[in-house]
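Here, residue 1 is the first one in the sequence, and each next residue gets the next number.
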Amino acid sequence: MPANTTNDAARDEGAAAPAEAVAPLLRGIAVLRRLTEADGTLSLSALEKSTGLARSTVDRITATLARMGYVRLDGRDVMLAPRLMELGNAYLASLRLPALLDARADALADELDESVSLAVGDRDGIRFIHQATRRRAMSLSFRIGDLLPAERTAPGPLFAAEWTESDWHHWRERRAADPQDRSFPAVPPREHPTPDEDFEHRAARAAADGWALDDQLIEPGLVAVSVPVRDPRTGRVACVASVVSHTSRHTAQDLRRTLLPRLRTAVAAMEDDLRTAPPPEPGAAPAGLATWTGASKQELGREFVESLARGLTVLTAFGEGRSALPLTEVAKATGLARATARRALITYEHAGLVTPTPDRAFSLTPRVLSLGFPPLSRLSLPQMAQPHLAALADRVHESASLAVLSDSGEEVQYTARAATSRVMSAHITVGTRLPAHATSLGHVLLADLPDPPLPEVRAQGYALVDEELEAGLRTIAVPVRDRSGRVVAAVNVAMHAARRSARDCVEEILPELKATADRIEADLRVAGRFRQVPLT
């Protein structure tokens, strides 16, 4: 279960790095953090300015991250890519709490019709590890991985009740250096700083009461009530569950009076789940990473920073059943030399991303979520698919689309699209609905239903439709599946029948279409591991 990081160096990015730290890895971490703070996108020149690195260094780092699939380069812009979430997933999997408790949080949100979150302590702040939000005109914008100052939240006092004197000292130092909380991009700047004694009193009261309130501390109108979920082995706070609302629905005192009892009941069930959960079964460790980085270096030469790529692979050694690993196990899981793995761990300890355990092992800290997870955790399937559709349209010189089946099952709804620059092409806008029975997209989606009306399409894995919707229009589509194997969407290519025969579509377009669906599914598997990805 998680514990607050107490490494002093981890609290201060400006602290001098140990002599054995990997400088390119520290630079790569800095680039990923600046991109995260900028909501996922920055120009190369803005990265140069915000990191203080030379432009040539920024170019090499971003080229390496692009090779790993962690960022996408679009002209002069650098954008975080869904695959980067595998780093945060490694932390969440090793933590186990989201997998064990998210169903309880979701059920409580449904019962109360209010947002429910789970958070862990991260130094003198809190980070969200699960969000069950309600879609309303006034809704929460916090994301999984967002860092909030402890004193402006309901979970904060509950974590602070277990702080050491050293933790309090660092909290006071941070408050003095940043009185307006400008180092916390997820919250608005503080207009009227409160005395330190106010939070110290709230922490003491939370320790006595076993719950805490946030009465519009983050911004006017936002209220929350929190209860700690305790580790049955140690009795310490494992995470904190919160019900979050708006004053138009509940006052803070109303939350305490009407919703706190139900929150406490849900937390008791969560603690029982932790108590009775079977030991984790170690998942498969990543394989062949060292070989892959070596091959990439050979192919790209100086543009590929191998020490950065190898360092980042160390984080993926952790996961379910691998929450704490000794150096030898990290080296074995990644295929890296022991000395290489050791230097990466030293670097991460300095950056606050890993912490040593009493038994000479290492574990990930919540700060791993600062590497791109918050902006990426809000991506929808159409947003993930769009760059892949654009690349497909460029390769085949035809329009490409993504669609889902309507609730009625009678129509397809277009949710993403990439058009081609031909004089004559299919012009369909996002949001358009068409009869499912007359489109290749619809055929693919209908084929996945129980007792499908199109078993042939299901068997062959694609649908080719000739001029059923409109004379001269030929389309071919394949399914997009989620982590469970369920078809959740379909992608197609549309063209005039005069440009390609049906046979040409199967021989030339279908392989490209399947490759695109594979790339979208790969992103969906990573992004959907610890959250529900919106399909529209």
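Considering CG of Asp518 and CG of Asp523, their distance stands at 11.5 Å, rounded to 0.5 Å. Annotation: the span from Met85 atom CE to Leu376 atom CG amounts to 6.0 Å, rounded to 0.5 Å. For the atom pair CE of Met270 and CG of Leu118, the computed distance is 5.0 Å after rounding to the nearest 0.5 Å. Once rounded to the nearest 0.5 Å, the distance linking OG1 of Thr36 with CD1 of Ile29 reads 11.5 Å. The line from CG of Asp394 to CG of Leu389 is 11.0 Å long, rounded to the nearest 0.5 Å. The CZ atom of Phe318 lies 8.0 Å from the OG atom of Ser94; values are rounded to the nearest 0.5 Å.
By the 4.0 Å N-to-carboxylate-O rule, Arg67 lies too far from Glu306 to be salt-bridged with it. By the 4.0 Å N-to-carboxylate-O rule, Glu200 lies close enough to Arg172 to be salt-bridged with it. Between Glu151 and Arg174 there is a salt bridge, with a side-chain nitrogen of the basic residue lying less than 4.0 Å from a carboxylate oxygen of the acidic one.
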Derivation of the side-chain contact (heavy atoms from CB on, under 4.5 Å) call for Ser117 and Ser242: CA-CA 5 Å; Ser117 65; Ser242 304; 3.6 Å; yes

side-chain contact (heavy atoms from CB on, under 4.5 Å) between Val244 and Val116, worked out: CA-CA 6 Å; Val244 187; Val116 173; over 6 Å; no

Stepwise side-chain contact (heavy atoms from CB on, under 4.5 Å) test for Phe530 and Ile144: CA-CA 9 Å; Phe530 290 104; Ile144 298 175; 5.6 Å; no

Verdict with supporting geometry, Thr41 and Asp77, side chain to side chain donor-acceptor pair (under 3.5 Å): CA-CA 7 Å; Thr41 303; Asp77 289 335; over 6 Å; no

Stepwise side chain to side chain donor-acceptor pair (under 3.5 Å) check, Asp167 with Thr164: CA-CA 5 Å; Asp167 293 325; Thr164 65; 3.1 Å; yes

Stepwise side chain to side chain donor-acceptor pair (under 3.5 Å) check, His169 with Glu173: CA-CA 6 Å; His169 172 73; Glu173 281 191 333; 3.2 Å; yes

Worked verdict on Thr64 versus Leu312 for side-chain contact (heavy atoms from CB on, under 4.5 Å): CA-CA 11 Å; Thr64 302; Leu312 288 173; over 6 Å; no

Residues Arg395, Glu512; criterion salt bridge (Lys or Arg N to Asp or Glu O under 4.0 Å); working and verdict: CA-CA 8 Å; Arg395 289 196 304 271; Glu512 294 284 358; 2.7 Å; yes

Asp273 and Arg104: CA distance, side-chain angles, deciding distance, salt bridge (Lys or Arg N to Asp or Glu O under 4.0 Å) verdict: CA-CA 9 Å; Asp273 289 342; Arg104 296 281 187 190; 2.7 Å; yes

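Looking only at distances, no side-chain donor or acceptor of Arg230 sits under 3.5 Å from a matching main-chain atom of Arg236. A donor-acceptor pair is defined here as one N or O able to donate and one able to accept, closer than 3.5 Å; such a pair exists between the side chain of Tyr348 and the backbone of Gly311. Here the side chain of Asp178 pairs a donor or acceptor atom with the backbone of Asp181 at under 3.5 angstrom. Counting only distance, with no hydrogens or angles, the side chain of Arg60 and the backbone of Glu303 share no donor-acceptor pair below 3.5 Å. Counting only distance, with no hydrogens or angles, the side chain of Arg531 and the backbone of Ala527 share a donor-acceptor pair below 3.5 Å. For the pair Arg83 (side chain) and Gly69 (backbone), a donor-acceptor distance under 3.5 Å is absent. Side-chain N or O atoms of Glu320 include none that pairs as donor or acceptor with a backbone N or O of Pro282 at under 3.5 Å. No side-chain donor-acceptor contact under 3.5 Å links Asp209 to the backbone of Trp211.
The number of heavy atoms from other shown groups lying within 6.0 Å of CZ (Arg483) is above 12. More than 12 heavy atoms of other residues, nucleotides or ligands sit less than 6.0 Å from atom CD of Glu165. The number of heavy-atom neighbours closer than 6.0 Å to CZ of Arg342, taken from other residues, nucleotides and ligands shown, is 12 or below.
No side-chain heavy atom of Val71 sits less than 4.5 Å from a side-chain heavy atom of Met79. In this structure, Pro82 and Val526 have side chains that are not in contact, with every pair of non-hydrogen atoms separated by 4.5 Å or more. Asp39 has its side chain within reach of Arg143: a pair of non-hydrogen atoms, C-beta onward, lies under 4.5 Å apart. Taking the side chain as every heavy atom from C-beta outward, Thr51 and Arg27 never approach each other to under 4.5 Å. Residues Ile126 and Leu147 form no side-chain contact, since every pair of their non-hydrogen atoms from C-beta on lies 4.5 Å or further apart. Within the 4.5 Å cutoff, no side-chain heavy atoms of Val227 are placed close to those of Val240. Residues Leu87 and Phe373 form no side-chain contact, since every pair of their non-hydrogen atoms from C-beta on lies 4.5 Å or further apart. The shortest distance between side-chain heavy atoms of Trp292 and Arg310 does not fall below 4.5 Å.
Minimum interatomic distance between Pro382 and Leu402 (heavy atoms only, all atoms of both residues): CA-CD2, 3.9 Å. Counting all heavy atoms, side chain and backbone alike, Ser226 lies closest to Ala154 at OG-CB, 3.0 Å. Between Arg72 and Ala81, the shortest heavy-atom contact is N-CB, 4.4 Å. Of all the heavy atoms in Val58 and Glu48, the pair that sits closest is CG2-CA, 3.9 Å. Pairing each heavy atom of Gly352 with each of Arg367, the nearest pair is O-CB, 3.4 Å. Annotation for Ala351 and Leu26: closest pair CB-CD2, 4.5 Å, computed over non-hydrogen atoms.
Defined by atom type and a distance below 3.5 Å, a donor-acceptor pair is present between the side-chain atoms of Ser45 and Ser43. Looking at Arg127 and Ser370, their side chains never bring a donor and an acceptor atom within 3.5 Å of each other. The closest side-chain donor-acceptor pair between Gln383 and Ser380 falls under 3.5 angstrom.
Ring orientation note: the planes of Phe142 and Phe128 are close to parallel, at an angle under 30° on the 30°/60° scale.
With Leu371 as reference, Leu353 is the one residue of Leu35, Leu80, Leu353 to meet the side-chain contact (heavy atoms from CB on, under 4.5 Å) rule. Thr347 pairs in a side-chain contact (heavy atoms from CB on, under 4.5 Å) with only one of the listed residues (Val22, Val354, Val314), which is Val22.
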